[in-house]
S.K.: 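This is the structure, below, for whatever I ask next.
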Amino acid sequence: MQPRKIIIDTDPGQDDAVAILLALASPEDLEVLGITCVAGNVPLDLTSKNARIVCELAGKTDVKVYAGCDRPMGRALVTAEHVHGKTGLDGPDLPDPVMPLSEGHGVDFIIEQLRAHEAGQITLCPLGPLTNIATAFEKAPDVVDRVAEIVLMGGGYFEGGNITPTAEFNIYVDPQAADIVFKSGVPIVVMPLDVTHKALVTKPRNDAFRALDTPVGIAVAQMTDFFERFDKEKYGSEGAPLHDPCVTAYLIKPDLFSGRHVNVEIETQSELTMGMTVADWWGVTDREPNALFIGDLDADGFFALLTDRLARL
């Protein structure tokens, strides 16, 4: 089997960083064509800086990193420094990147890659707001049918929201973009809070990262040490959920996950429920299913995969 060609679209974020590291550690499974950055957890200048910091931490300085959209399609930017810290990667003390940003706009890179490869060759992996993906689809409608699949982290249904009572952060930041993507007709796999909240970094799991005794293992442990304070206080959980690595783990080992093919609609009108992912889990409407909505995972298998792969870097 040839490795799957992917573009990671991201707003790092500690959990984004771990997702990127997992992808870069898995070349037999994933060929990372490039990383496009978007404003989300922190503003674009920091997300595009953080993506390069992560590539350098992994020793993968040949990865192309592009800056994309610096604001949502139709509303003011909402960020999440209250979770990720002022840099977005608070926790470890990592040096500023030496590798430069690639020239050009992230949206144009997505379009160019989809046009340059055969249809059905590229999987898009959004880990943040969907602004870059939706902007590419609006700017170049011809590329929509060329996407093999979109595997994204976003939304929540039974778990509710984590930025409002009903909305998960990535979708809430740019609900208009999410609406475009979910209506695009591209096959979509969704990693909502319903599954990511089960990917908890407990103390033994974090000790296993630290015990790798490598710069990557120690940095990941320090990231989750920082990141978990918010979720422990909010949810009373044992540790931090690793939301975004669920995307890359699914691409490598999909049998770790289970869900249902259902219809998912994005609320874009109501301020009360703005950004809600309305998942027809029980099939009570006649709306056509448009996404595989993941609901469960083998958490021990997930962390075994993650620890094993991070040990390679």
Side-chain angles (χ1 to χ4, degrees), residues 11 13-16 19 40-41 72 74-84 126-131 150-179 181-183 188-202 224 227-247 249-250 257-285 287 289-299 302:
D11 61 337
Q14 291 90 348
D15 58 323
D16 304 71
N41 285 322
R75 49 202 264 122
L77 177 65
V78 176
T79 56
E81 288 89 351
H82 62 289
V83 178
H84 299 279
L127 309 178
L130 290 162
T131 315
I150 295 172
V151 183
L152 67 90
M153 189 278 138
Y157 190 62
F158 297 103
E159 284 288 299
N162 61 357
I163 187 72
T164 75
T166 61
E168 179 275 331
F169 177 81
N170 287 344
I171 307 297
Y172 179 77
V173 170
D174 199 341
Q176 286 74 25
D179 187 49
V181 171
F182 276 84
K183 288 177 176 171
I188 297 174
V189 180
V190 185
M191 297 290 160
L193 299 178
D194 304 89
V195 68
T196 66
H197 279 172
K198 298 174 182 176
L200 282 180
V201 186
T202 59
T224 52
F227 186 46
E228 73 178 5
R229 86 212 184 287
F230 177 79
D231 288 276
K232 278 185 167 181
E233 183 177 332
K234 181 176 180 179
Y235 297 110
S237 58
E238 292 182 76
L242 279 181
H243 306 285
D244 294 329
C246 289
V247 169
Y250 175 86
F257 298 85
S258 60
R260 289 186 189 177
H261 196 227
V262 301
N263 179 269
V264 180
E265 300 285 331
I266 310 298
E267 177 56 62
T268 60
Q269 301 300 316
S270 165
E271 281 302 324
L272 180 66
T273 56
M274 180 67 73
M276 182 179 183
T277 43
V278 182
D280 186 10
W281 186 260
W282 303 113
V284 296
T285 75
R287 295 195 289 266
N290 62 350
L292 177 60
F293 202 78
I294 302 297
D296 205 359
L297 88 162
D298 170 359
F302 170 84

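We're numbering straight along the sequence, starting at 1.
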S.K.: Donor-acceptor pair, Thr273 side chain versus Met276 backbone, under 3.5 Å?
M.R.: no
S.K.: For Ser258, check side-chain hydrogen bond (donor to acceptor under 3.5 Å, both in side chains) against everything at least two apart and list the hits.
M.R.: none
S.K.: Suppose we screen for side-chain hydrogen bond (donor to acceptor under 3.5 Å, both in side chains). Which residues come up paired with Arg287, at least two apart in sequence or across chains?
M.R.: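 Listed in chain order: Asn263.
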S.K.: Only counting residues at least two apart or in another chain, list the ones meeting ring pair (Phe, Tyr, Trp, His ring centres under 6.0 Å) with Phe257.
M.R.: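 Phe257: ring pair (Phe, Tyr, Trp, His ring centres under 6.0 Å) contacts with Tyr250.
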S.K.: Between CG of Asp244 and OG1 of Thr196, what distance do you get to the nearest 0.5 Å?
M.R.: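 Nearest 0.5 Å value for the CG-OG1 distance: 8.5 Å.
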S.K.: If the condition is side-chain hydrogen bond (donor to acceptor under 3.5 Å, both in side chains), which residues does Asp16 pass it with, not counting sequence neighbours?
M.R.: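 With sequence neighbours excluded, Asp16 shows a side-chain hydrogen bond (donor to acceptor under 3.5 Å, both in side chains) to Thr10, Asn41, given in chain and number order.
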S.K.: Please test Thr131 against Asp174 for side chain to side chain donor-acceptor pair (under 3.5 Å), starting from the C-alpha separation and ending with a verdict.
M.R.: CA-CA 6 Å; Thr131 315; Asp174 199 341; 2.7 Å; yes
S.K.: Locate the shortest heavy-atom distance separating Phe169 from Asn162; write the atom from each residue and the value.
M.R.: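 In terms of heavy atoms, the two residues are closest at N-OD1, 2.8 Å.
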S.K.: Sequence neighbours left out, what passes salt bridge (charged side-chain N to carboxylate O under 4.0 Å, His left out) with Asp296? Give chain and number order.
M.R.: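 For Asp296, the residues satisfying salt bridge (charged side-chain N to carboxylate O under 4.0 Å, His left out) (neighbours in sequence not counted) are Lys198.
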S.K.: Find out whether Ile188 and Asn290 are in side-chain contact, i.e. whether some heavy atom of one side chain is under 4.5 Å from a heavy atom of the other.
M.R.: no
S.K.: Would Gln14 and His84 count as a side-chain contact (heavy atoms from CB on, under 4.5 Å) if you check the C-alpha gap in whole Å, the side-chain angles of each, and the deciding distance to 0.1 Å?
M.R.: CA-CA 7 Å; Gln14 291 90 348; His84 299 279; 2.6 Å; yes
S.K.: Ignoring hydrogens, what is the shortest heavy-atom contact between Phe302 and Ala199? Give both atom names and the distance.
M.R.: CE2-CB, 3.8 Å
S.K.: Closest approach of Val247 and Val151, non-hydrogen atoms and distance?
M.R.: CG1-O, 3.5 Å
S.K.: With Asp280, which residues qualify under salt bridge (charged side-chain N to carboxylate O under 4.0 Å, His left out), at least two apart?
M.R.: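 Testing Asp280 for salt bridge (charged side-chain N to carboxylate O under 4.0 Å, His left out), a comparison that skips the adjacent residues, returns none.
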S.K.: Please find the pair of heavy atoms, one from Leu127 and one from Ala19, that lie closest to each other, and give the distance.
M.R.: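 Of all heavy-atom pairs spanning Leu127 and Ala19, the closest is CD1-CB, 3.8 Å.
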S.K.: If you take all heavy atoms of Met153 and Asn170, which pair is closest and at what distance?
M.R.: O-ND2, 3.0 Å
S.K.: Can Trp282 and Val262 be said to form a side-chain contact (heavy atoms from CB on, under 4.5 Å), step by step?
M.R.: CA-CA 8 Å; Trp282 303 113; Val262 301; over 6 Å; no
S.K.: Looking only at heavy atoms, which two atoms of Val189 and Ile294 are closest? And how far apart?
M.R.: CG1-CG1, 3.9 Å
S.K.: If I take atom CZ from residue Phe293 and atom CH2 from residue Trp281, how far apart are they, to the nearest 0.5 angstrom?
M.R.: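 Going from CZ on Phe293 over to CH2 on Trp281, the span is 7.5 Å.
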S.K.: List the residues meeting side chain to side chain contact (heavy atoms under 4.5 Å, CB included) with Arg75, not counting sequence neighbours, and say none if there are none.
M.R.: Pro72, Tyr172, Pro175, Gln176, Glu271, Met274
S.K.: List the residues meeting side-chain hydrogen bond (donor to acceptor under 3.5 Å, both in side chains) with Thr79, not counting sequence neighbours, and say none if there are none.
M.R.: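 Counting only residues at least two positions away or on another chain, Thr79 forms a side-chain hydrogen bond (donor to acceptor under 3.5 Å, both in side chains) with Glu81.
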S.K.: What's the separation between atom SG in Cys246 and atom CG in Leu152, rounded to the nearest 0.5 Å?
M.R.: 12.0 Å
S.K.: For Thr277, what residues pass the side chain to side chain contact (heavy atoms under 4.5 Å, CB included) criterion, not counting sequence neighbours?
M.R.: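 Thr277: side chain to side chain contact (heavy atoms under 4.5 Å, CB included) contacts with Ile171, Val264, Ile266.
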S.K.: Kindly say whether Ile163 contributes a backbone atom to a donor-acceptor pair with the side chain of Glu168 at under 3.5 angstrom?
M.R.: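 A pair under 3.5 Å: no.
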